[in-house]
Amino acid sequence: MWKVIPLMTREVAISLRDLRKEFRTPARTVVAVDSINLDVYNGEFITLLGPSGSGKTTVLRMIAGFELPTSGSIVLDGQDVSQQPPFDRDVNTVFQDYAIFPHMSVLENVEYGLRVKKVPAAERRRRAEEALANVALADFGDRKPSQLSGGQRQRVALARALVNRPKVLLLDEPLGALDLKLREQMQIELKELQREVGITFVFVTHDQEEALTMSDRIAVFNNGAIEQLGTAQEIYEHPATEFVAGFVGVANLIKGETAQALTGQSRTVSIRPEKITLAGAGDRQASGHVREVIYVGNATRIIVALDAGGQLIASEPHDGRAPTSVKVGDAVTLHWFAAQEYLIG
Amino acid sequence: MSQAVTTAPESANAGSGVGRGLSRYLHRHSHVRLGLLLSSPVAWLVILYLGSLANMILASFWQLAPFTGDIVKTFSLSNFQTLLTAEVYRNVAFRSLGIAVAVTLIDLLIALPIAFFAAKVVQSSRVRYAIVIASTMPLWAGYLVKGYAWRIMLDNNGVLDWALQPLGIKGPGLGLPATILALAYLWLPYMILPIYAGLERIPTSLTDASSDLGASAGFTFRTVVLPLLAPAVIAGSIFTFSLSLGDYIMVKIVGGTTQMFANIVYDNIGVAGNLPFAAAAATFPILVVVGYLWAVRKTGALENL
């Protein structure tokens, strides 16, 4: 038997053991989640990050109880809930499309979970109003969901889930439908809210920036398995696999003979674009010709075709100095420090 | 690069032809476009539907001359007076209402699980469409064929009696229950289809959310599914209700001596030749359906449409 050894001395809120989910059709069997092991700690903000089809949403839906695992177990607060229906689990979900009941007022929506649990009407109302106030919607209780904006609906969904004081809050790409400005604002609000209520958040997203901004820890999903589990900094600075390096942020991967020529390494070398400069210092260098110059607002991205083969992307920040004046076709030399490289594989 | 500019293909504006010219004109004049599009269906509705309805209501105030049998076009309420005072008409009216309500309830009870299974439970779209097509299959056969099929099954010593014989019981025979049964069978597709469409429009995330918030399946059905399904149920019930109320053939085939309200209309047109009285009788189902729609609107069930 596999013995569970706690990584930290923190309480485990959710424990996934050899969790597997197959979707069977007469024609074929698709393995959506392939034997995942994960411990989520109490009060933690953990993000399941990955491209669509990587299994992250299926894991979330299994924790919620909408899907039953093919094999393996889900232990919630010390209790095996693997085969329990959603209404018997002490978790609540914020859905991607918010799933606000359109025929109920905002207050009725928020009260719903308490109504199910037969909480007396007066207390129900008080707690629902409190939850609405928490998400800055105190005066919106009488409105119909159709009268709300996307951001407001999202807050109603949050209030409706949090009013039940669940052990764990599951969030399924809740910011996906919002525009960029609102999304960035909600990221900060969500993080603050999580710190205030102290509830464990399991957050699913395909947006790596969102994951880096909000999470205590990130689990990077690919092909139904966890490729890497770690803090935002660990994931970004020390990606364990090529997939993680490529999915989280922009990465330069130097392989094969080029890697041998430039760094003396036989393994794949990865270096972030912002660590490479055109004019600065560094104990590594590579010459080449500019293939493309892309203005990205806070920086200029320069793609350089290397004389040694392959290409590297350098990012020159717009930090007050004169912006770079290189043009397509210019011969340039790139510099970086060997210490900024990391090896993969 | 410059070559690409000089050899640019003819611009999108280059076509000449009457068709393109007309299309351009219509593109610029949206009200003309709308007028052309709607004129014939609106004319159809106004002349053939509203016109004949008005004519019928007008005719309901006329009478027959007692001896000649000619239609006398003078205004009088005597037809309605007869309808309201004669006990036989009142009985038939209540019986017809009862039949229509019973048929609607039976269809609702059968349609809900079938539609739910097709819209929410089945995963494969092929099975889903098979169920939908199968449920509309009764519409493929002719009305009379289905009517006489039911008669053969329900008749004294018919198929049903034969099947029930080992249990020592007899079927209901021909009569009122047989009429309800046959009509419920006949109009079932008109209940299944709107409910299926209504269920498809309810996102699965809503029922997921309800379950996530702790509600059992029954609670979810009552508080989330049914209120959102109300417009579809009402649409279906209008079909089954008004079709049942207006039916007069099935009751002749399987109803034994039972009479429905539409038989009054039919008999007055055919046998008695009293068209004004038939017209007056025909206003009854119209009033009932208008009253039903008004009541539905009052409950606010259509606000979520």
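This is a predicted model, so every value here is computed, not measured. Scope of the values below: all heavy atoms of this structure, side chains included, with no hydrogens, waters or symmetry mates. Note on naming: letters A, B, ... go to the chains in the order of the sequence lines (proteins, then strands), and numbering restarts at 1 for each one.
- Counted within 6.0 Å of CZ on B:F94, heavy atoms from surrounding residues, nucleotides or ligands total 12 or fewer; the atom is thus considered open.
- The local environment of NZ in B:K146 is crowded, with over 12 non-hydrogen atoms from other residues, nucleotides or ligands closer than 6.0 Å.
- By a heavy-atom distance cut of under 4.5 Å, A:R160, A:N164 are the residues of residues 154-165 of chain A near chain B, going up by number.
- With a 4.5 Å cut-off on non-hydrogen atoms, A:F101 touches chain B through its backbone and its side chain both.
- To the nearest 0.5 Å, atoms OG1 (B:T204) and CZ (A:F66) are separated by 11.0 Å.
- The number of heavy atoms from other shown groups lying within 6.0 Å of CG (A:D179) is above 12.
- More than 12 heavy atoms of other residues, nucleotides or ligands shown are found within 6.0 angstrom of CZ on B:F284.
- Note: A:D97 leads A:D172, A:D97, A:L170 in heavy-atom pairs under 4.5 Å with chain B.
- The CZ atom of A:R61 sits 10.0 Å away from the CG atom of B:D212 when rounded to the nearest 0.5 Å.
- You'll find the side chain of B:L206 reaches within 4.5 Å of the side chain of A:P102, heavy atoms only.
- B:F239 CZ: 12 or fewer foreign heavy atoms inside a 6.0 Å radius.
- Within the 4.5 Å cutoff, side-chain heavy atoms of A:Y112 are placed close to those of B:T223.
- In the displayed structure, A:R125 atom CZ is contacted under 6.0 Å by at most 12 heavy atoms of other residues, nucleotides or ligands.
- The ring-ring contact (aromatic ring centres under 6.0 Å, His included) check on B:F116 picks up nothing, with sequence neighbours excluded.
- Top candidate by heavy-atom pairs under 4.5 Å with chain A, chosen from B:I202, B:D208, B:T220, is B:D208.
- More than 12 heavy atoms of other shown residues, nucleotides or ligands fall within 6.0 angstrom of atom CD in A:E123.
- At a threshold of 4.5 Å between non-hydrogen side-chain atoms, the residues A:R115 and B:L213 do not count as touching.
- Heavy atoms closer than 4.5 Å to chain B are found nowhere in A:L114, neither backbone nor side chain.
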